There are 2 protein chains.
Amino acid sequence: MRILLVEDDPSLGEGMRVALHREGYTVDWLRNGSDALAALDSDAFSALILDLGLPDMDGLEVLALLRRRHTLPVVVLTARDALVDRLRGLDGGADDYVLKPFDLAELLARLRVVTRRGEGRRCAQLQLGALVIDEARHAVTWQGQAISLGRREFALLLELARHAGQVIPRSRLESLLYGWDEDVESNALEVHVHHLRKKLDRSLIVTLRGIGYRLEVPA
Amino acid sequence: MRILLVEDDPSLGEGMRVALHREGYTVDWLRNGSDALAALDSDAFSALILDLGLPDMDGLEVLALLRRRHTLPVVVLTARDALVDRLRGLDGGADDYVLKPFDLAELLARLRVVTRRGEGRRCAQLQLGALVIDEARHAVTWQGQAISLGRREFALLLELARHAGQVIPRSRLESLLYGWDEDVESNALEVHVHHLRKKLDRSLIVTLRGIGYRLEVPA
DNA sequence: GTCTTGGCTTAAGGAAGACTTAACATCGGC
DNA sequence: GCCGATGTTAAGTCTTCCTTAAGCCAAGAC
């Protein structure tokens with residue numbers, strides 16, 4: 001994990017560099033804001049530790065400029081204790097805040113908190129050839145075209161798509177649309193299938209006479 | 001946005017409840033750890049504010065149990081000033097902590113920081129095409145024009161915007177505006193949606209019949 | 001070939017859900 | 001405690017989706 005440390009105080013910076021290095025981080029230590037911004041363009045860092053009191057420019061300014069391009073985790077260091085400044089820092093895009101003087105252990109803890117996110121962002125998108133089903137958006141795309149489906153149609157297609165290539169018995173599809181108990185002795189299911197075929201493609205859903213339906217997986 | 005507040009001190013808790021409510025949050029206030037854990041199973045909250053000094057169990061224990069199941073943003077409140085305790089809190093899974101006594105504005109700022117992290121967003125300003133939402137200032141801009149929204153309207157829009165492009169089920173929006181207990185058997189939600197559409201744009205919020213709503217992301 | 005069975009197609013009717021509007025309640029600031 | 005702003009309730013209208021039903025078609029059995 002590579003960290004960019006921006007701090008103009010030599011002894012404090014050195015102490016942090018050593019401590020971070022000891023923790024296993026790779027550290028790039030810069031002393032001013034413009035160098036920092038240039039370095040951040042390289043896009044190689046996992047986090048930024050930023051002192052607000054820099055010789056050339058205000059740390060908050062660095063932060064604002066950074067935020068136009070990156071979403072890098074940022075921990076801000078500051079000597080200012082005024083509440084207003086702290087709030088400005090937080091709302092301005094810092095992920096966390098440490099007041100000087102601080103204990104190194106605390107800085108490290110906050111760094112851990114800030115960097116340990118970003119995993120587990122799964123996109124629940126089901127793709128089968130020209131058919132894309134986005135469950136989160138409740139949206140369906142066919143050959144790049146957005147298709148609008150009713151609730152039942154969507155549920156039906158989703159179930160078929162989840163087991164694409166497998167036969168789903170009629171009974172299961174019916175109990176999916178309606179509760180197990182409430183029986184619909186009509187052809188509602190077939191009508192929905194019909195609509196799906198019309199909106200998508202005729203050959204996408206295959207009928208197994210007397211058994212059920214199957215979604216054709218693309219070749 | 002719905003917050004679970006866990007705090008045993010009556011007056012402090014009440015103060016926070018009022019302040020949070022005024023910000024537009026829906027607040028569920030519980031006084032002990034076991035109730036909190038039970039409530040957290042419902043999965044309806046956007047964040048947790050947790051006092052570490054609880055009557056029945058240690059707050060850190062609550063945190064540890066919570067972390068086995070959820071990745072909910074957590075802000076910890078503590079009277080303890082010992083560094084060790086703070087670190088234990090952070091490494092134990094808290095996203096941030098506030099030392100008592102604290103200023104409410106700071107708590108709110110930290111809450112904002114913590115809740116917007118899940119979306120990979122770093123800045124207090126959320127921009128979606130012509131729509132700009134300033135979370136800290138409670139201000140909304142549409143095509144450069146400032147729009148004035150009520151608390152509920154703002155909360156609703158914010159929630160939709162945070163998950164822009166995704167369907168938010170009605171049930172979630174309802175429990176977000178009103179707690180579980182106070183059930184609204186009326187169409188308040190729809191009325192708010194109506195007002196938002198009127199103030200912004202008709203096509204911005206898409207209805208998914210029988211499911212929920214979705215904020216359309218700009219092309 | 002024709003009969004039967006199950007599926008397809010179509011259109012109409014109905015009902016659930018959403019929209020709109022306005023009046024009524026509630027909250028917060030002065 | 002009053003007033004304005006904000007939220008909620010309620011009623012009527014509208015719309016979309018779902019179901020129903022009736023006739024047609026295709027496949028397999030005889």
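Every chain is numbered from 1, with letters handed out A, B, ... down the list of sequences. No experiment lies behind these values; they were computed from the predicted model shown. Hydrogens, waters and symmetry mates are skipped; everything else that's a heavy atom, side chains included, is used.
Applying the salt bridge (charged side-chain N to carboxylate O under 4.0 Å, His left out) test to every pair with at least one member in residues 137-150 of chain A, sequence neighbours left out, gives these pairs: A:Arg137-B:Glu216.
For the pair A:Val193 and B:Glu190, nearest-nucleotide mapping onto DNA chain C gives the more 5' position to A:Val193. Each of B:His192 and A:Gly150 was assigned the nucleotide of DNA chain D with the nearest heavy atom; the assignment lying further toward the 5' end belongs to B:His192.
Protein atom CG of B:Leu208 is 10 Å distant from nucleotide atom P of C:dA18, rounded to whole Å. As a whole-Å value, the separation of B:Leu157 CG from D:dG7 P is 13 Å. If you measure from atom CG of B:Leu173 to atom C1' of D:dT8, you get 17 Å, rounded to the nearest angstrom. Protein atom CG of A:Leu189 is 12 Å distant from nucleotide atom C1' of C:dC8, rounded to whole Å. Summarising the geometry, the separation between CZ on B:Phe154 and C1' on D:dG7 is reported as 17 Å, rounded to the nearest angstrom. One can place NE2 of B:His194 at 17 Å from P of D:dT9, the figure rounded to the nearest angstrom. Taking atom NE2 of B:His138 as the reference point, atom C1' of D:dT6 lies 14 Å away to the nearest angstrom. Between the CG atom of B:Leu196 and the P atom of C:dC19 there is a distance of 12 Å, given to the nearest Å.
The backbone N or O of B:Leu72 sits less than 3.5 Å from a side-chain atom of B:Arg67, completing a donor-acceptor pair. Within the 3.5 Å criterion, the main-chain N or O of B:Trp142 finds no donor-acceptor partner in the side chain of B:Gln145.
For the residue pair B:Thr26 and B:Asp28, no side-chain donor N or O sits within less than 3.5 Å of a side-chain acceptor on the partner. Donor-acceptor pairing under 3.5 Å is lacking for the side chains of A:Arg214 and A:Thr207.
Between B:Arg197 and the phosphate of C:dT20, there is no side-chain N or O to OP1/OP2 separation shorter than 4.0 Å. One finds no side-chain N or O of A:Arg170 lying less than 4.0 angstrom from the OP1 or OP2 phosphate oxygen of C:dG6. Taking side-chain N and O atoms only, B:Thr207 has no distance below 4.0 Å to OP1 or OP2 of C:dG17.
Among the heavy atoms of the strands lying under 4.0 Å from B:Tyr213 are primed sugar atoms or P, OP1, OP2 only; no base atom is included. Base engagement by B:Val191 is indicated by at least one non-hydrogen atom pair under 4.0 Å involving a base atom.
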(request) Give the C-alpha distance, both sets of side-chain angles, the deciding distance and a yes or no for salt bridge (Lys or Arg N to Asp or Glu O under 4.0 Å) between B:Arg110 and B:Asp96. (result) CA-CA 7 Å; B:Arg110 292 197 178 271; B:Asp96 208 337; 2.8 Å; yes

(request) Spell out protein contact along nucleotides 23-30 of chain C as letters: B when the base is contacted, S when just the sugar-phosphate is, - when no protein heavy atom is under 4.0 Å; keep the 5' to 3' order. (result) --------

(request) List the protein contact pattern of nucleotides 22-30 of chain D with one symbol per nucleotide (5' to 3'): B for base contact, S for sugar-phosphate-only contact, - for none; contact means a heavy-atom distance under 4.0 Å. (result) B---BB---

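Using a cut-off of 4.0 Å between Lys/Arg side-chain N and Asp/Glu carboxylate O, B:Arg112 and A:Asp95 are scored as not salt-bridged. Look at B:Arg17 and B:Glu7 and you find no salt bridge, because none of the NZ, NE, NH1 or NH2 atoms lies under 4.0 Å from a carboxylate O. Ion pairing between B:Arg197 and B:Glu190 fails under the 4.0 Å rule for side-chain N and carboxylate O. Of the charged side-chain nitrogens involved, none lies within less than 4.0 Å of a carboxylate oxygen, so that B:Arg151 and B:Glu23 do not count as a salt-bridged pair.
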